[in-house]
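Reviewing the structure listed below.
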Amino acid sequence: MSNDVWIVAEQREGKLKKVSLELLGIGKRLAEKTGGSLGALLLGHEIEGLAAELDGYGASKIFLCDSEVLKDYSSEGYTKAIVDLVKAHQPSILLGGATALGKDLFPRVAARLGTGLASDCVGLEINDQGVLVAQRPIFAGKAMVDTVTPEARPQMACVRPNVLPVPEKSSGSSTIEKVTVEIGPQDVRAKIKEIVRTAGEKIDLTEASVIVSGGRGVASQENFKIIEELASAFGEGSAVGASRSAVDAGFAPHDQQVGQTGKVVNPNLYIACGISGSIQHLAGMRTSKYIVAINKDPEAPIFQVADYGIVDDLFKVVPLLTEEVKKLKAQG
Amino acid sequence: MIAAQKGLNEPRYASLPNIMKAKKKEIKKIDLAAAGVESGEVGERGSKLKTKNYRLPPEREAGKKLEGEPAETAAQLAKLLREEAKLI
């Protein structure tokens with residue numbers, strides 16, 4: 001067993017996910033403490049360009065695993081590849097992103113390797129014994145806990161996207177090492193037949209940097225239009241969310257639900273419009289960097305977590321805010 | 001195996017006669033040994049992870065309440081988002 005730290009870089013359809021760089025940043029800090037080196041594992045098909053994008057963020061080696069079987073993500077194929085490579089190289093720590101893909105993949109990898117997995121971490125450090133300590137929110141974000149993997153190796157953790165900073169790019173210093181695994185189409189039993197995109201290239205809520213959410217106060221599906229307009233004023237990386245009561249009332253589709261039974265998000269900016277802020281909703285967005293609340297009720301609990309609060313009618317404020325944001329955007 | 005998302009379909013609820021019938025069904029208990037699992041492999045003893053140091057998360061600092069007419073608050077907010085939060 002080495003002291004090495006590995007991160008699994010995430011890509012979809014030839015595009016690197018930002019969380020990969022965040023992982024390199026924290027991975028580098030951990031590797032300095034363990035005295036090992038930092039490796040990045042990149043899986044896919046015809047993705048050599050992405051290996052170059054990872055270069056210069058502190059990894060001494062980028063392991064590039066190219067196979068036609070790994071072109072599209074599959075739990076089975078990716079698990080096999082990662083497990084085989086971890087067994088061959090024996091890193092002491094293996095990190096991934098707590099993304100939709102990561103939540104599917106890493107529990108499976110951990111079980112195969114007979115080790116533990118700290119999921120959805122918001123901070124990682126190495127203690128005096130050289131063991132990885134992962135900080136995780138529990139009980140819907142009401143409490144925090146530290147978890148360690150005392151014996152089993154590698155120590156695995158999934159890190160929430162958007163929590164850790166993207167490190168500065170230094171001069172290129174990573175060597176790209178091509179690695180192969182014995183993998184064939186027979187290793188993937190659930191085949192992907194077709195990928196159908198939803199209209200308008202919507203980005204996933206968990207990956208949005210700005211989310212504008214509407215609650216019961218929005219009052220109808222048609223009214224959600226003003227929420228959508230504010231979101232699109234922020235441009236690329238913005239998305240529309242909704243509270244559970246808005247989804248249950250049919251104002252917004254279920255995949256937009258933020259909260260304990262919906263999606264847990266942490267964008268740079270979360271604007272809650274007509275959302276009172278139940279515990280279950282807060283559980284899904286309280287780690288957002290900036291929270292704005294627009295609500296008629298001055299007693300609404302959402303104001304307790306908001307950085308900026310406006311007690312007013314959202315139908316008056318939101319369209320005006322959309323105009324202001326557009327104006328500032330236009331100024332550049 | 002298929003894992004479904006909420007909203008996939010209408011839930012099917014049991015009818016009253018079926019609930020009554022279900023009460024009479026035998027509930028079979030299987031112990032770990034019969035399931036082929038050793039007690040050290042499951043539960044807290046089987047967990048590879050150990051948790052400690054339970055604590056409350058850091059409190060969020062009190063935010064700013066913006067006051068005035070909608071046109072003023074909207075302009076103030078946009079300005080704060082640009083200058084303080086640097087998000088625009």
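Chain letters run A, B, ... following the sequence lines, proteins first, then strands; residues in each count from 1. A quick note: this is a predicted structure, and the numbers were derived from the prediction, not measured.
- For a residue to count as touching a neighbouring chain, one of its non-hydrogen atoms must lie under 4.5 Å from one of that chain's; by this rule A/Gln257 touches chain B with the side chain only.
- Across all their heavy atoms, A/Leu269 and B/Leu87 have their closest contact at CB-CD1, 3.6 Å.
- Contacts between A/Asp248 and chain B at a heavy-atom distance below 4.5 Å involve the side chain alone, from C-beta outward.
- For the pair B/Leu49 and A/Val148, the minimum side-chain heavy-atom distance is 4.5 Å or more.
- When side chains are defined from C-beta on, A/Val292 counts as touching B/Leu77, because their heavy atoms get closer than 4.5 Å.
- Note on A/Ala233, A/Ala293, A/Gly114, A/Ala190: by heavy-atom pairs under 4.5 Å with chain B, the leading option is A/Gly114.
- Neither the backbone nor the side chain of A/Lys327 comes within less than 4.5 Å of any heavy atom of chain B.
- The two atoms that bring B/Ala78 and A/Glu324 nearest to each other are CB-CB, 3.6 Å, heavy atoms only.
- With a threshold of 4.5 angstrom between heavy atoms, A/Thr149 approaches chain B through its backbone and through its side chain.
- Contact record, A/Gly116 with B/Lys48: N-CB, 3.5 Å, taken as the closest heavy-atom pair.
- Between B/Leu56 and A/Met144, the closest side-chain pair of non-hydrogen atoms is not below 4.5 Å.
- For the atom pair CG (A/Leu328) and CD (B/Glu83), the distance works out to 8.5 Å, reported to the nearest 0.5 Å.
- B/Ala74 and A/Val317 make their closest contact through CB-O, 4.1 Å (heavy atoms, listed as atom of the first residue, atom of the second, distance).
- The structure places NZ of B/Lys50 at 11.5 Å from OG1 of A/Thr147, a figure rounded to the nearest 0.5 Å.
- Enclosure of atom CD in A/Gln135 by more than 12 non-hydrogen atoms of other residues, nucleotides or ligands within 6.0 angstrom is indicated.
- Environment of CD in A/Gln331: crowded, with over 12 heavy atoms of neighbouring residues, nucleotides or ligands closer than 6.0 Å.
- To the nearest 0.5 Å, the span separating NZ on A/Lys289 from NZ on B/Lys86 amounts to 15.0 Å.
- Around CD of A/Glu76, the count of heavy atoms belonging to other residues, nucleotides or ligands within 6.0 Å exceeds 12.
- Residue A/Arg112 places its CZ atom among 12 or fewer non-hydrogen atoms of other residues, nucleotides or ligands, all under 6.0 Å distant.
- Within the 4.5 Å cutoff, the side chain of A/Asp146 has heavy atoms near those of the B/Arg55 side chain.
- Heavy-atom contacts from other residues, nucleotides or ligands closer than 6.0 Å to NZ of A/Lys296 number 12 or fewer.
- Contact record, A/Pro298 with B/Lys65: O-NZ, 3.9 Å, taken as the closest heavy-atom pair.
- The part of A/Ile138 that comes within reach of chain B is its side chain, from C-beta onward, which places non-hydrogen atoms under 4.5 angstrom from that chain.
- Open room surrounds NZ on B/Lys52; 12 or fewer heavy atoms of other groups in view lie less than 6.0 Å from it.
- Heavy atoms of other residues, nucleotides or ligands lying less than 6.0 angstrom from CD1 of B/Ile30 number 12 at most.
- Within the 4.5 angstrom heavy-atom criterion, only backbone atoms of A/Lys142 (N, CA, C, O) approach chain B.
- Between atom OG1 of residue B/Thr73 and atom NZ of residue A/Lys316 there is a gap of 10.5 Å, rounded to the nearest 0.5 Å.
- For A/Ala143, the parts lying near chain B are the backbone and the side chain together; criterion is any non-hydrogen pair under 4.5 Å.
- Side-chain N/O atoms of A/Tyr308 and B/Gln76 include no donor and acceptor closer than 3.5 Å.
- Contact record, A/Tyr290 with B/Glu84: OH-O, 3.8 Å, taken as the closest heavy-atom pair.
- Taking a 6.0 Å sphere around CD of B/Glu41, one finds it holds more than 12 heavy atoms contributed by other residues, nucleotides or ligands.
- A/Asp312 touches chain B through its side chain: at least one heavy atom from C-beta onward sits under 4.5 Å away, while N, CA, C and O do not.
- Between B/Leu81 and A/Phe234 the shortest side-chain heavy-atom distance falls below 4.5 Å.
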